[in-house]
Number of protein chains: 2
Amino acid sequence: MEANVEVVAERKCPIETVIHIVGGKWKPLILWHLLDSNKRFSELEKLIPEVTQKMLTQHLRELENNRLITRTIYPTVPIKVDYSLSEYGLTLVPVLKVMCAWGEIHNQMNSSVRVPARVGVQI
Amino acid sequence: MEANVEVVAERKCPIETVIHIVGGKWKPLILWHLLDSNKRFSELEKLIPEVTQKMLTQHLRELENNRLITRTIYPTVPIKVDYSLSEYGLTLVPVLKVMCAWGEIHNQMNSSVRVPARVGVQI
DNA sequence: CGGGATCCCGGATGATACTG
DNA sequence: CAGTATCATCCGGGATCCCG
């Protein structure tokens with residue numbers, strides 16, 4: 001990671017902005033767990049067993065750089081770090097809730113119905 | 001694309017579902033434009049000049065398979081096809097709106113403020 | 001404990017040419 | 001017009017090892 005500032009590309013479509021910010025493979029889960037309470041690095045590892053350390057670190061960094069989460073370092077030995085939603089991150093919560101609600105409905109629909117693809121209306 | 005039904009993976013976090021559905025590189029833009037009105041394939045190409053035909057087709061197919069959009073074929077010569085939000089797709093609109101609203105605010109913030117990355121609170 | 005540094009793969013994306 | 005087919009490329013993500 002060369003530059004210390006993230007280049008915020010010009011996104012004409014604000015939806016893309018949101019996708020870019022919460023769209024990483026593990027970011028929804030991370031935010032999901034932080035929604036509950038602050039979490040240490042090792043706690044997140046346990047809560048999301050499939051994630052590798054590298055990806056957890058990387059996604060936490062991105063969320064941090066986007067100011068959604070706060071990283072607090074306790075310079076004890078051994079070191080302790082915990083992550084929490086920032087004030088700004090909290091403003092995203094309603095958005096996440098709405099997404100969740102729709103996602104749940106969609107999941108339910110698709111658990112019962114197999115999607116018949118490519119129907120293709122003809123006129 | 002082998003199977004004609006999409007395997008809907010078990011997603012514990014509904015946010016991931018939404019990301020999966022609208023998170024393709026070009027999907028937000030496509031939906032964005034369809035939000036306005038029905039669009040023909042060639043219209044979408046003009047509205048999103050950077051997309052290749054292949055990717056436009058692919059993402060339209062995925063949106064169609066997820067039932068968010070409807071593909072209507074007019075077998076004229078030359079053929080005419082147009083895409084529109086389906087009824088189900090319309091249920092996603094409020095979600096998109098909320099995402100848009102937050103995304104716009106975030107974009108404005110980041111257009112004026114350069115993000116100072118990795119502040120790292122110490123205690 | 002909480003990472004960083006490297007190497008690597010596969011799927012996502014792109015470029016180009018062709019077609020019903 | 002609205003795609004499909006093929007080949008090339010890029011990059012997110014994983015595996016592994018190392019470090020203060």
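Keep in mind the model is a prediction, meaning the values are calculated, not measured. A note on names: the letters A, B, ... follow the listed sequences, proteins ahead of strands, and every chain is numbered from 1.
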Asker: Can you tell if the side chain of B:Leu56 reaches within under 4.5 Å of the side chain of B:Ile30, non-hydrogen atoms only?
Answerer: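 Yes, close enough: below the 4.5 Å cut-off.
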Asker: Do B:Lys27 and B:Glu62 have side chains that get closer than 4.5 Å, going by heavy atoms?
Answerer: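 Heavy-atom side-chain distance check passes, below 4.5 Å.
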Asker: Rounded to the Å, how far apart are B:Asp82 CG and D:dG3 P?
Answerer: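 That distance rounds to 11 Å.
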Asker: Taking only side-chain N and O atoms of B:Tyr83, does any of them lie within less than 4.0 angstrom of OP1 or OP2 on D:dC1?
Answerer: no
Asker: Would you say A:His59 reaches D:dG12's phosphate, i.e. side-chain N/O to OP1/OP2 under 4.0 Å?
Answerer: no
Asker: What's B:Lys54 touching, base or sugar-phosphate or nothing? Going by heavy atoms closer than 4.0 Å.
Answerer: base
Asker: Rounded off to whole Å, could you give me the CD1-to-P distance for the B:Ile19 and D:dG13 pair?
Answerer: 12 Å
Asker: Output the rounded distance in Å from CZ (B:Arg61) to C1' (D:dG3).
Answerer: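 The distance from CZ of B:Arg61 to C1' of D:dG3 comes to 7 Å, rounded to the nearest Å.
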Asker: Starting from C1' on C:dT13, measure out to CH2 on B:Trp26 and report it in whole angstrom.
Answerer: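 Nearest whole value for this atom pair: 9 Å.
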Asker: Less than 4.5 Å apart, side chain to side chain, heavy atoms only: is that true for A:Val22 and A:Val95?
Answerer: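 Heavy-atom side-chain distance check fails, nothing below 4.5 Å.
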Asker: Tell me which nucleotide among D:dG20, D:dC1, C:dG4 gets nearest to the side chain of A:Ile79.
Answerer: D:dG20
Asker: Mind calculating the distance between OH (A:Tyr74) and P (C:dG2) to the nearest angstrom?
Answerer: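 Distance check: A:Tyr74 OH to C:dG2 P gives 12 Å.
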Asker: Should B:His33 and B:Glu43 count as side-chain neighbours, where that means a heavy-atom distance under 4.5 Å?
Answerer: no
Asker: Name every donor-acceptor pair, under 3.5 Å, that has one atom in a side chain of residues 80-91 of chain A and the other anywhere in the protein, sequence neighbours excluded.
Answerer:
unit_1: A:Tyr83; atom_1: OH; unit_2: A:Arg61; atom_2: NH1; d: 3.4
unit_1: A:Tyr83; atom_1: OH; unit_2: A:Arg71; atom_2: NE; d: 3.3
unit_1: A:Ser86; atom_1: OG; unit_2: A:Arg67; atom_2: O; d: 2.5
unit_1: A:Ser86; atom_1: OG; unit_2: A:Leu68; atom_2: O; d: 3.0
unit_1: A:Ser86; atom_1: OG; unit_2: A:Tyr88; atom_2: N; d: 3.3
unit_1: A:Ser86; atom_1: OG; unit_2: A:Gly89; atom_2: N; d: 2.8
unit_1: A:Tyr88; atom_1: OH; unit_2: B:His106; atom_2: ND1; d: 2.5
unit_1: A:Thr91; atom_1: OG1; unit_2: A:Tyr88; atom_2: O; d: 2.5
unit_1: A:Thr91; atom_1: OG1; unit_2: B:Trp102; atom_2: NE1; d: 3.0

Asker: Taking all atoms of both residues into account, what is the closest heavy-atom pair of B:Asn107 and A:Pro14, and its distance?
Answerer: ND2-CA, 4.1 Å
Asker: B:Lys25 has an atom NZ; how far is it from atom C1' of D:dG12, in whole Å?
Answerer: 13 Å
Asker: Grab the CD-P distance between B:Gln58 and C:dT13 for me, whole Å please.
Answerer: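 So the CD-P distance, B:Gln58 to C:dT13, works out to 7 Å.
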Asker: Using whole Å, what does the distance between atom C1' of nucleotide D:dT4 and atom CE of B:Met55 come to?
Answerer: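 These atoms are roughly 14 Å apart.
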Asker: Let me check something: do A:Ile69 and B:Ile105 share a hydrophobic cluster, defined by ILVMFWY side-chain heavy atoms less than 4.5 Å apart, either directly or through other members?
Answerer: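 No, A:Ile69 and B:Ile105 fall in different hydrophobic clusters.
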Asker: Using only side-chain N and O atoms of B:Arg71, determine if any of them is under 4.0 Å from OP1 or OP2 of D:dA2.
Answerer: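 For D:dA2, OP1/OP2 do not have a side-chain N/O of B:Arg71 under 4.0 Å.
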Asker: Let's see if you get this right: which residues in residues 28-53 of chain A place a heavy atom under 4.0 Å from DNA chain C?
Answerer: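 A:Arg40, A:Phe41, A:Ser42, A:Gln53, in order of number.
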Asker: Angle between the two end axes of the helix from C:dC1-D:dG20 to C:dG20-D:dC1, five base pairs per end, rounded to 10 degrees?
Answerer: 60°
